[in-house]
Engineer: 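Here it is, the structure in full.
Order of listing sets the numbers, starting from 1, for every ligand and every atom in it.
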Amino acid sequence: MAEHLHHHQERPLSALDAIFTRRSVRAYAPQVVDEATVRALLDAAVQAPTAMHAEPWAFVVVQDRAALERISDRAKGSWAKQADHFRDLHASVDATVARAFAERLASPDFCLFYDATTLIAIGARPLGPFVTADCWLAAENLMLAASALGLGTCCIGSAVPALNSTETKSELNIPPDVEIVAPIVVGVPRGPAAAVPRKDPAIVSWTRRA
Ligand SMILES: Cc1cc2nc3c(=O)[nH]c(=O)nc-3n(C[C@H](O)[C@H](O)[C@H](O)COP(=O)(O)O)c2cc1C
């Protein structure tokens, strides 16, 4: 990975700096992430822990804006049909977020992948009960590695159903036994992303010996 660091960052961040500076990036510069960097990110992804050493992950890389727009339109179409359900889903968290999402879905110009030029979708082969856990661990590795290199990422959970549709699978040549779990857009951030504060960890139980 080392030889690609200088493209985006003078020096890679430490693991803790990468953890604390990673933010979901929703505005990207037009430059495309080069193949070596994509491969370096995948290499970081597969270092994640994997249950029973199954390594169930399979990666789909999309660097074609027209394809991303087609998948986005497919996703927007299916979400629009379930708009009420989706509003309820977000309503428990934040009504403003729910309304903003519904409005963006309705806008023909909105792309679910924002203006990112690269999508890396992590899929799972059916190799046991923990394959989705493995994929999410790989996803976080990938996002932290990107963050360490000065690249931005954003999980696009709302694209999961569209990526698993038969149309998308045949268009992108995704094998039928691969289920897309974690779609992540990657790119050079257009600017700094605002920190999203977290609540303090809720420790509901901590047992110590008396
Ligand atoms: C499983 C999952 C799905 C997500 N799906 C989307 C999405 O579809 N669109 C989006 O803009 N952000 C999506 N996000 C990003 C979250 O909104 C974001 O992580 C959260 O607001 C916290 O902000 P931060 O990542 O900048 O700390 C998703 C995150 C996760 C973990």
Side-chain angles (χ1 to χ4, degrees), residues 13 15-29 41 45 48 57 59-60 62 67-83 85-107 109-124 130-165 168 179-202:
L13 302 180
L16 281 176
D17 284 340
I19 287 169
F20 281 91
T21 57
R22 183 212 57 79
R23 295 274 73 99
S24 292
V25 171
R26 299 187 176 89
Y28 293 93
L41 294 177
W57 33 63
F59 300 93
V60 173
V62 187
L68 290 176
E69 273 166 20
R70 275 195 299 276
I71 301 162
S72 170
D73 286 344
R74 211 164 274 153
K76 283 160 73 182
S78 59
W79 283 124
K81 279 186 220 136
Q82 313 172 50
H85 166 74
F86 206 71
R87 218 172 355 254
D88 296 345
L89 205 73
H90 269 161
S92 60
V93 188
D94 186 338
T96 329
V97 173
R99 214 171 309 116
F101 190 77
E103 274 164 24
R104 278 190 310 193
L105 279 183
S107 155
D109 293 337
F110 175 67
C111 178
L112 223 58
F113 304 108
Y114 302 103
D115 42 4
T117 50
T118 300
L119 168 72
I120 301 178
I122 307 180
F130 295 114
V131 296
T132 51
D134 289 13
C135 287
W136 282 116
L137 290 164
E140 178 70 340
N141 261 20
L142 189 152
M143 291 189 279
L144 292 178
S147 169
L149 299 178
L151 291 168
T153 56
C154 188
C155 275
I156 309 292
S158 44
V160 169
L163 283 161
N164 282 309
S165 70
T168 306
E179 190 198 335
I180 299 302
V181 173
I184 299 163
V185 289
V186 187
V188 177
R190 207 179 267 281
V196 180
R198 295 296 196 266
K199 300 183 189 87
D200 287 337

Engineer: Could you measure the distance from the CH2 atom of W57 to the CG atom of L142? Nearest 0.5 Å is fine.
Structural biologist: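 If I round to the nearest 0.5 Å, the distance is 11.5 Å.
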Engineer: Test: side-chain hydrogen bond (donor to acceptor under 3.5 Å, both in side chains). Region: residues 133-152. Which pairs qualify, not counting sequence neighbours?
Structural biologist: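 side-chain hydrogen bond (donor to acceptor under 3.5 Å, both in side chains) check on residues 133-152 returns T50-D134.
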Engineer: In sequence, state the C-alpha distance, the side-chain angles, and the governing distance for R74 and T168, and then conclude on side chain to side chain donor-acceptor pair (under 3.5 Å).
Structural biologist: CA-CA 9 Å; R74 211 164 274 153; T168 306; 2.6 Å; yes
Engineer: More than 12 heavy atoms of other residues, nucleotides or ligands under 6.0 Å from CZ of F20: yes or no?
Structural biologist: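 Open: at most 12 neighbouring heavy atoms sit under 6.0 Å from CZ of F20.
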Engineer: At a heavy-atom distance under 4.0 Å, which protein residues reach ligand 1? Sort them by chain and number, would you?
Structural biologist: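 Correct list: R22, R23, S24, R26, Y114, W136, C154, C155, I156, G157, S158, V196, R198.
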Engineer: Find the distance between CZ (R23) and OG1 (T153) and round it off to the nearest 0.5 Å.
Structural biologist: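 Nearest 0.5 Å value for the CZ-OG1 distance: 10.5 Å.
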Engineer: Please confirm whether the backbone N or O of L112 pairs with a side-chain atom of S72, one donor and one acceptor, at under 3.5 Å?
Structural biologist: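 Side chain of S72 to backbone of L112: a pair is present.
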